[in-house]
Amino acid sequence: MNMRNLFLFALVAALYVGTGFFQSWNLALNILNLGLLSAIMALGVNMQWGYAGLFNTGIMGFAALGGLAVVLVAAPPEPEGWAAGGWGIMTGLAFGIAVIVAATQVYQRMRKGAARNLALLAVITIGFFAYRALFDPSVAAVESVNPATAGNIGGLGLPSILSWPLGGVLAALAAWAIGKVSLGLRSDYLAIATLGIAEIVIIVLKNEDWLARGVKNMIGLPRPWPVPYEVDLQQSAGFLEWAASYGFDPVSASTIVVKILYAMLFAVVLLAVIWLSERALNSPWGRMMRSIRDNEVAAAAMGKDVTRRHLQVFVIGSAVVGFAGAMMTSMDGQLTPGTYNPLRFTFLIWVMVIVGGSGNNWGAVLGGLLIGWLWLIVESVGPGVMSVVTSAMSEGALKSHLIDSAAHMRLLTLGVILLVVLRFSPRGLIPEK
Amino acid sequence: EDAKIGIILGFTGPLESITPSMAASAELAIKEVSDSGKFMGGGTVTSVRADSTCIDASAATAAAERLITVEGVNAIMGADCSGVTGSVLQNVARPNGIGMISPSATSPGLSDAEDDGLFFRTSPSDARQGEVVAEILTDRGVKSIAVSYTNNDYGKGLSDSIAAAFEAKGGKVTANTAHEDGKADYSAEVATLASAGGDVLVVAGYVDQGGKGIIQASLDTGAFDTFYLPDGMYGESLIEAIGSGLDGTYGTIPGTDSEGAAKFAELATAAGFDPTSSFTGESYDAAALMLLAMAAAKSTDSKDWITKVMDVANAPGEKIEPGQLGHALELIAAGTDIDYVGATAVELIGNGESAGSFREFTVTDGAFVTDGFR
Amino acid sequence: MAEPFLIGERMTGGYGAADILHGCTIAVEKGEIAVIVGPNGAGKSTAMKAVFGMLNLRSGHVKLEGEDITALSPQDRVAKGMGFVPQTSNIFTSMTVEENLEMGAFLRRDDISGTMEQIYDLFPILKEKRFQAAGELSGGQRQQVAVGRALMTKPKVLMLDEPTAGVSPIVMDELFDRIIEIARAGISILMVEQNARQALEIADKGYVLVQGANRFTDTGQALMQDPEVRRSFLGG
Amino acid sequence: MDILNAIVAFTNFVFIPATAYGAQLALGALGATLVYGILRFSNFAQGDTMAFGTMATIYGTWGLQAMGVSFGPLPTALLALPFGILVTVGLLLATDFSVYRFYRKQKVAPTILVIVSLGVMFVMNGITRIMIGVEEQNFTDGERFVFTAREFKEWSGLNEGMALKTTQAVTIVTAVLVVAWLFWFLQKTRTGKSMRAFSDNEDLALLSGINPNHVVRVTWILVAILATIAGVLYGLDKSFKPFTYFQLLLPIFAAAVVGGLGNPLGAIAGGFVVAYSEVFVTYAWKKVIGYLVPADMAPDGLAQLMSTDYKLAVSFIILIIVLLFMPTGLFKGKSG
Amino acid sequence: MISVQNLHKKFGAFSAVDGASLEIATGSITGLIGPNGAGKTTLFNVIAGRLPASSGKVFMAGEDITGLPPHELFHKGLLRTFQIAHEFGSMTVRENLMMVPENQAGETLWNTWFSRGRVAEEERRIRDQADEVLDFLTISHLADEKAANISGGQKKLLELGRTMMVDAKIVFLDEVGAGVNRTLLNTIGDAIVRLNKERGYTFCVIEHDMDFIARLCDPVICMAEGKVLAQGTVDEVKNDERVIEAYLGTGLKNKVKSNA
Ligand SMILES: Nc1ncnc2c1ncn2[C@@H]1O[C@H](COP(=O)(O)OP(=O)(O)OP(=O)(O)O)[C@@H](O)[C@H]1O
Ligand SMILES: Nc1ncnc2c1ncn2[C@@H]1O[C@H](COP(=O)(O)OP(=O)(O)OP(=O)(O)O)[C@@H](O)[C@H]1O
Ligand SMILES: CC(C)C[C@H](N)C(=O)O
Ligand SMILES: [Mg+2]
Ligand SMILES: [Mg+2]
């Protein structure tokens with residue numbers, strides 16, 4: 001780390017501290033938590049793009065799978081729902097996987113030709129209808145159990161923090177499957193494929209109500225250990241005493257303590273991820289990855305298994321994103337599939353990676369913290385800019401029109417700042433060495 | 001004593017076209033109270049807007065965080081969409097002990113959410129509307145319906161309850177499928193609905209979103225010519241956009257046989273926004289209720305005023321309509337009980353949500369004509 | 001002595017902080033062939049780019065027909081009648097062979113079909129492959145396209161960076177033959193060559209460049225005879 | 001058995017709407033594919049450029065309507081198009097001058113340009129909304145239908161109706177004309193070829209005397225034309241709303257990619273692939289089958305492969321399958 | 001070592017390699033010449049697994065290796081260079097070499113995290129080796145330069161250098177000489193001979209510089225239009241009528257350049 005980078009980090013730190021002083025510490029910490037989560041996701045993306053040149057725009061999907069893990073692990077069980085068709089659904093899914101395996105077997109074992117195509121078609125068609133016949137009734141049964149408040153199979157009721165690694169695992173599994181299919185695609189073609197797959201993940205989450213209630217949302221997911229609820233703190237005698245001893249007001253003390261606890265949890269994960277990826281990057285493994293990124297043909301001729309390595313880094317990066325996605329959902333305390341939109345969960349992360357400087361882990365972290373801050377702060381800054389602009393104007397239709405449009409300054413301001421930052425450092429704030 | 005109200009709605013994002021009217025509506029109530037000079041011994045009420053984005057829970061919580069910890073608001077009017085509303089409630093309102101009244105979060109799930117008594121809504125839970133819709137349809141002799149709903153908790157919850165209630169009454173639901181708002185094209189949805197057939201197409205969506213697109217495409221292709229419009233679909237803009245094709249279509253919106261709605265319409269028109277835009281009445285009521293509750297509690301502190309919301313909203317007491325907020329404050333100061341009726345005839349029940357009485361209307365000659373109330 | 005037709009005089013400059021060229025001078029007279037040889041990384045290509053304005057010079061200048069063109073952009077130099085074949089990425093890979101040639105004649109407003117025929121005569125294989133994407137050609141064929149593209153400009157001075165790298169002996173001979181003819185027609189040729197002996201054979205003037213500076217300058221024949229030049233730069 | 005009714009039902013509900021939608025996507029995708037093909041980056045501002053162009057045209061239309069000008073049975077907006085295009089050209093050239101030019105000089109990687117275009121998108125997004133607001137605008141006038149479903153029923157005596165909207169007809173015709181012209185322009189004209197050369201190898205283009213500024217300028221002008229036309233046609237057929245235009249980005253890119261990035265024919269084909277796969281695969285065959293089989297065999301269910309909830313999923317799956325077999329799209333697009 | 005049997009490679013309707021059969025004897029330095037577009041590079045690409053064969057077979061030491069992916073062939077000891085240099089542009093010249101050795105311990109994530117010592121030691125060894133190669137290629141001063149920023153000829157040297165980082169069985173060189181200074185090329189020729197003699201590498205060399213071919217190669221194979229045209233010692237091939245007509249030509253017509 002050189003002076004310039006330290007300075008940049010100091011600058012970002014100053015932004016947060018400034019928010020704390022001039023706005024409120026609650027807001028600053030709230031943004032910080034989001035910034036930390038985004039930084040972790042940005043690290044995941046940076047592994048894929050910065051190290052290996054994989055243009056993954058499916059971040060949203062992996063983050064959502066992480067969120068799903070929280071539901072599966074931590075949501076209270078729904079024994080009724082499960083009894084109504086839980087096993088049926090599992091059987092159906094297992095059968096579905098069996099059909100896919102059978103189809104790939106047919107494809108691999110049989111000779112190319114009409115016979116193979118016919119066999120394939122038969123397996124898939126019969127398989128599909130059989131699968132629907134197995135799966136649909138159970139789904140209907142589960143979803144009809146108390147649909148307004150449940151209608152799903154429920155979770156395991158385990159501590160929420162366990163869902164983080166599971167989020168990573170779910171995302172990794174999905175990434176493996178996706179990678180197997182689509183990593184042969186190049187650059188923007190891979191991008192649109194992964195973008196589409198992420199949309200598919202969200203569509204499934206939205207429509208498979210038995211899984212996590214779909215668009216009806218899962219709310220009230222428990223917090224991860226060791227984060228307490230503010231209301232509980234506010235009622236705990238010990239805490240009240242502690243707060244009083246420092247002269248804090250119990251409400252703000254409790255809200256701040258909770259946020260600091262989250263921040264610490266996230267920071268630990270972030271540091272671990274940075275440590276692992278820095279070590280990996282500055283090693284023969286990282287060198288191999290960069291060689292693949294620079295020139296796949298030559299890397300293959302030099303004995304590097306490009307496909308396998310692509311898959312490896314795709315899975316790892318996605319797992320990191322899934323991990324962060326689980327962390328985010330468990331902090332929010334709810335899974336709302338409608339929240340997942342590509343702008344926020346995919347392209348914003350990309351902005352972080354690029355503005356930070358792709359190929360550089362510290363860049364990704366810086367980008368995550370900076371853009372995360374921006375994204376949330378423009379909500380109040382944008383309209384503020386508008387009021388400054390309009391303050392000089394005379395009363396009239398135009399002025400009132402502009403004041404009404406103030407909310408749209410949010411994204412406009414974000415865009416302008418983004419362009420300014422990129423102008424100031426076209427290769428990212430902390431470019432790859 | 002002065003009060004400050006935070007208005008958190010999705011000014012950008014998928015609902016950006018209805019939220020300005022909702023905010024203006026809430027501000028109208030706030031201004032009315034403030035200008036009356038009778039709020040808590042001459043206090044003024046100010047408001048501050050924040051953007052919930054409707055879909056981005058993190059942005060919404062950060063914005064709410066700002067309202068509470070930076071702006072120091074005493075109450076939150078919002079949020080709009082159920083998803084972010086739940087998030088703001090759990091992550092900001094409850095921890096900080098700030099009361100919130102949402103004008104439009106209608107998900108049934110919110111009824112059971114843990115809220116420490118902080119959360120109210122001036123719109124009915126979707127579960128209730130379904131009953132009414134089914135009743136009206138059967139009364140009109142409809143045998144089969146197709147349902148297209150906007151794919152969120154509102155649409156899904158509503159369509160499920162409509163379908164269940166209608167089938168319970170012996171009707172047939174030929175199709176019950178979702179449409180995503182803000183998409184480019186709805187041909188596939190309409191094709192499927194047309195194939196399914198049915199006497200009436202129930203469109204549980206939003207008037208300026210996919211719902212409109214579905215109706216437009218259905219009329220264009222001749223798939224359906226009668227539609228049922230639940231609350232989200234009620235709006236003059238629909239008639240303007242579709243024209244005479246809409247004649248004969250009917251539906252429901254929350255409301256009672258009160259003059260409140262008409263009064264509100266006058267006020268809104270005077271203030272320069274469209275009173276028929278979705279959830280404007282609810283927004284006015286939400287803001288009015290929290291201020292009246294503060295007055296009744298003689299405190300702007302959330303933990304005090306939330307205990308009074310039900311009192312001012314419900315009978316017994318003198319009925320209060322839009323435009324009478326000053327009068328209401330006088331009554332409260334005098335210790336007289338009030339029953340806030342407002343623009344949408346709010347009656348809060350059980351968990352602090354609107355009871356949901358509904359106005360039934362038919363589109364006749366390019367206008368919404370009230371048929372009756374249920 | 002009159003000014004040479006094209007001269008890059010005492011050029012100093014490079015790509016970034018460090019200079020690659022150190023006061024290097026390269027010139028060619030009208031209708032003559034000048035050849036630059038030297039070890040790899042000597043700065044030959046850099047010197048060519050400098051003459052063509054694709055490099056910022058810290059000092060020195062470039063003159064064409066007595067006029068100082070140091071400040072002109074590469075396109076403007078093309079308009080002034082200079083043509084250039086770079087050493088690498090010197091064809092439009094996604095365009096067909098014929099389109100590559102057409103692009104060479106982009107600034108010409110006259111009928112180009114005659115020139116195009118001449119080029120097909122010179123490189124018959126290109127005619128066969130005229131509708132194929134140039135990126136699908138073999139290494140030597142690509143080189144032929146690159147040279148053909150430059151010839152299409154009908155320039156006053158033609159600059160070639162290793163035109164014969166990777167072309168077969170028979171094509172190389174054809175190419176040199178053709179270069180001689182072009183020179184005879186009054187066009188100046190400035191080229192870098194690693195097939196140095198063949199090139200110096202036809203050169204009026206030869207430059208040996210080492211580490212961005214002129215080491216030897218003489219007629220082609222004289223350089224060929226110089227034992228030190230032969231041993232150190234021409235492979236004995 | 002009633003084949004005629006079956007065909008009409010299918011045409012009316014599936015074929016015509018999907019074709020019009022496909023043409024709209026195709027026009028949008030043309031603009032995106034052009035920027036990709038020549039300036040070599042995915043322009044995220046495409047949807048918002050369309051929105052801006054449409055907005056300008058709407059203002060033009062209102063102006064014309066205020067002056068009492070109309071275009072007979074066709075929408076007045078078509079007359080206002082040149083105005084909208086002009087304003088959009090201005091905006092894009094100004095954007096290029098103030099934003100993209102800098103990065104081009106720096107020769108930054110395409111991904112950086114993508115992110116830059118994201119910034120531009122935010123700004124345009126704000127400008128449009130501040131100027132015309134976020135509400136829906138209907139600016140279609142003139143004759144709404146070429147023929148309506150009812151007219152068709154009466155005319156043919158069939159059970160099923162079939163409708164063709166003026167806007168659908170205009171869209172399809174325009175799409176065909178525009179792509180033919182664009183293809184000719186890029187393949188055959190000097191400027192078109194120089195644009196392709198520029199995108200292939202910028203340095204070498206300089207060496208051939210091609211003026212890069214000219215190429216870039218022409219590209220943006222073309223993009224402005226295409227985006228405005230696409231946006232206006234879409235707005236005429238459906239309606240104008242900034243948010244929807246922003247959402248169009250995804251299907252537009254899907255179309256450009258599946259057709260082969262940088263290839264105008266591909267953009268057209270891609271538009272139709274995306275549109276058809278959205279509409280066809282989730283189509284409920286109940287009605288059509290009902291006409292084709294004896295009454296007692298008519299299906300109870302919807303006879304649907306997948307619910308329409310999954311229409312986007314299906315179209316993406318088809319897209320991915322196409323890419324697996326043709327990794328650079330239907331028409332061999334650019335990559336890298 | 002390598003046996004190619006009736007190999008075809010079609011691009012659409014065009015046969016770039018059209019039924020070529022040839023043998024590369026173990027321990028030989030086989031020259032491969034032929035006019036531009038004869039199919040030499042395509043042949044290499046098929047043998048090295050870069051392109052699939054349309055039909056025909058390739059054997060290496062008796063084993064059928066047709067269609068094996070390049071990285072597997074590398075592990076079998078088959079190395080190649082590229083006619084158009086394929087450097088790793090954003091990596092330094094030294095890194096370009098250091099990435100080559102196979103099965104480096106540090107290429108496993110686990111080791112990069114938890115066996116730093118072992119990785120570091122191995123790195124030192126590979127680094128020394130890379131520096132030796134750079135020295136030999138006369139480009140040690142460029143060791144820390146980004147490979148994108150070196151001259152065209154230097155990139156060709158780097159191509160060659162990569163093959164010197166591991167113990168190969170057979171090395172395919174595709175015009176390493178094009179663009180390389182002739183004096184340096186002689187040194188490279190010497191090195192090839194040394195590797196061949198001392199380490200037993202087999203070479204197959206495409207080159208258009210007949211002097212270079214003559215110095216090193218026996219036998220020489222001449223290809224034309226995708227087929228083997230002639231085969232034998234340098235002298236036999238050089239004097240073959242068909243080779244002269246298709247490939248060598250008869251020298252400059254304008255022998256003496258006279259100024260008009
Ligand atoms: N991808 C491709 N598509 C179509 N034709 C191709 C492709 N690659 C090569 N060719 C053609 O195949 C023929 C053989 O090319 P190849 O590169 O093998 O030649 P070569 O013998 O190596 O020539 P050179 O000495 O010029 O390098 C050429 O005519 C070339 O145009
Ligand atoms: N784009 C670049 N950026 C930085 N340095 C460069 C760049 N191109 C070349 N160099 C450096 O400049 C020096 C001269 O390069 P140049 O290409 O001029 O050599 P050359 O004499 O043409 O060699 P060759 O015969 O190998 O083509 C080399 O040492 C190289 O490392
Ligand atoms: C404003 C409305 C669109 C909100 C909707 N009723 C919901 O609960 O999400
Ligand atoms: Mg050079
Ligand atoms: Mg070759």
Side-chain angles (χ1 to χ4, degrees), chain A residues 47-53 112 172 183-184 271-317 319-320 357-361 427-428 431-433, chain E residues 44-45 48-51 69-82 84-92 94-116 119-120 122-123 126-127 146-148 158-159 162-163 165-166 168 172 174:
Chain A
M47 289 175 197
Q48 300 175 337
W49 169 252
Y51 301 7
K112 210 170 163 176
L183 279 181
L271 289 175
V273 175
I274 295 188
W275 186 79
L276 290 175
S277 40
E278 272 292 283
R279 285 212 137 186
L281 185 63
N282 300 315
S283 74
W285 183 85
R287 185 170 62 213
M288 169 177 60
M289 284 303 178
R290 278 180 289 138
S291 74
I292 291 176
R293 178 190 68 185
D294 275 11
N295 194 325
E296 280 172 28
V297 171
M302 294 301 120
K304 310 302 178 205
D305 188 341
V306 175
T307 320
R308 207 184 107 219
R309 294 305 178 175
H310 272 168
L311 192 61
Q312 182 189 32
V313 78
F314 188 68
V315 165
I316 294 177
V320 170
S358 59
N360 189 312
N361 288 321
R427 292 182 57 233
E432 192 182 359
K433 282 152 275 194
Chain E
F44 270 26
N45 280 335
R50 165 106 178 81
L51 293 174
H71 63 93
E72 283 182 24
L73 293 171
F74 177 92
H75 293 301
K76 291 187 187 297
L78 185 154
L79 268 64
R80 59 91 52 97
T81 69
F82 292 91
I84 296 165
H86 278 44
E87 75 284 356
F88 303 116
S90 74
M91 291 162 51
T92 65
R94 184 187 287 116
E95 281 180 315
N96 265 266
L97 296 183
M98 289 180 68
M99 67 75 69
V100 178
E102 54 193 321
N103 300 325
Q104 298 180 31
E107 289 183 355
T108 321
L109 278 178
W110 187 263
N111 290 338
T112 68
W113 294 331
F114 306 115
S115 307
R116 291 295 264 195
V119 172
E122 186 191 53
E123 281 287 278
I126 297 178
R127 191 186 166 96
K146 285 234 157 80
L158 193 54
E159 281 282 332
R162 287 201 292 228
T163 65
M165 288 296 294
V166 284
F172 287 88
D174 195 348

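Throughout, protein chains are lettered first and strands after them, A, B, ... in sequence-line order, and every chain is numbered starting at 1. Predicted, not measured: the structure shown is a model, and the values here were computed from it.
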Please report the closest heavy-atom contact between [X] and [Y], naming both atoms and the distance.
X	Y	value
A:D294	E:S90	OD2-N, 2.6 Å
E:V119	A:P284	CG1-CD, 3.6 Å
E:G106	A:S283	O-OG, 3.9 Å
A:A301	E:F82	CB-CZ, 3.8 Å
E:H86	A:A298	O-CB, 3.5 Å
A:A280	E:T112	CA-OG1, 3.8 Å

Let me know if [X] has heavy atoms under 4.5 Å from chain A in its side chain, its backbone, both or neither.
X	result
E:P101	backbone
E:E87	backbone
E:E95	both

| Out of A:V306, A:N282, A:N295, which one racks up the most heavy-atom pairs below 4.5 Å with chain E? |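 Counting heavy-atom pairs under 4.5 Å, the top option is A:N295.
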
| task | May I ask you to name which of A:R290, A:M289, A:R279, A:M288 has the most heavy-atom pairs under 4.5 Å with chain E? | result |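 Counting heavy-atom pairs under 4.5 Å, the top option is A:R279.
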
| Proximity breakdown for A:Q312 and chain E, heavy-atom pairs closer than 4.5 Å | side chain

| query | Top residue by heavy-atom pair count (under 4.5 Å) with chain A, among E:R162, E:E102, E:R116? | reply | E:R116

| task | Look at E:M165, E:R50, E:E72, E:R80 and state which one has the largest set of heavy-atom pairs under 4.5 Å with chain A. | result | E:R50

| query | Is the shortest heavy-atom distance from the side chain of A:R309 to the side chain of E:H71 under 4.5 Å? | reply |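 Not in contact.
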
| field | Spacing of CD belonging to A:E278 relative to CH2 belonging to E:W113, to within rounding of 0.5 Å | value |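 It comes to 13.0 Å.
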
| Which distance, rounded to the nearest 0.5 Å, do you find between the CE of E:M99 and the CD1 of A:I292? |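 Separation between the atoms: 7.0 Å.
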
| field | Candidate pair A:R287 and E:Q104, rule side chain to side chain contact (heavy atoms under 4.5 Å, CB included), full reasoning | value | CA-CA 11 Å; A:R287 185 170 62 213; E:Q104 298 180 31; 2.9 Å; yes

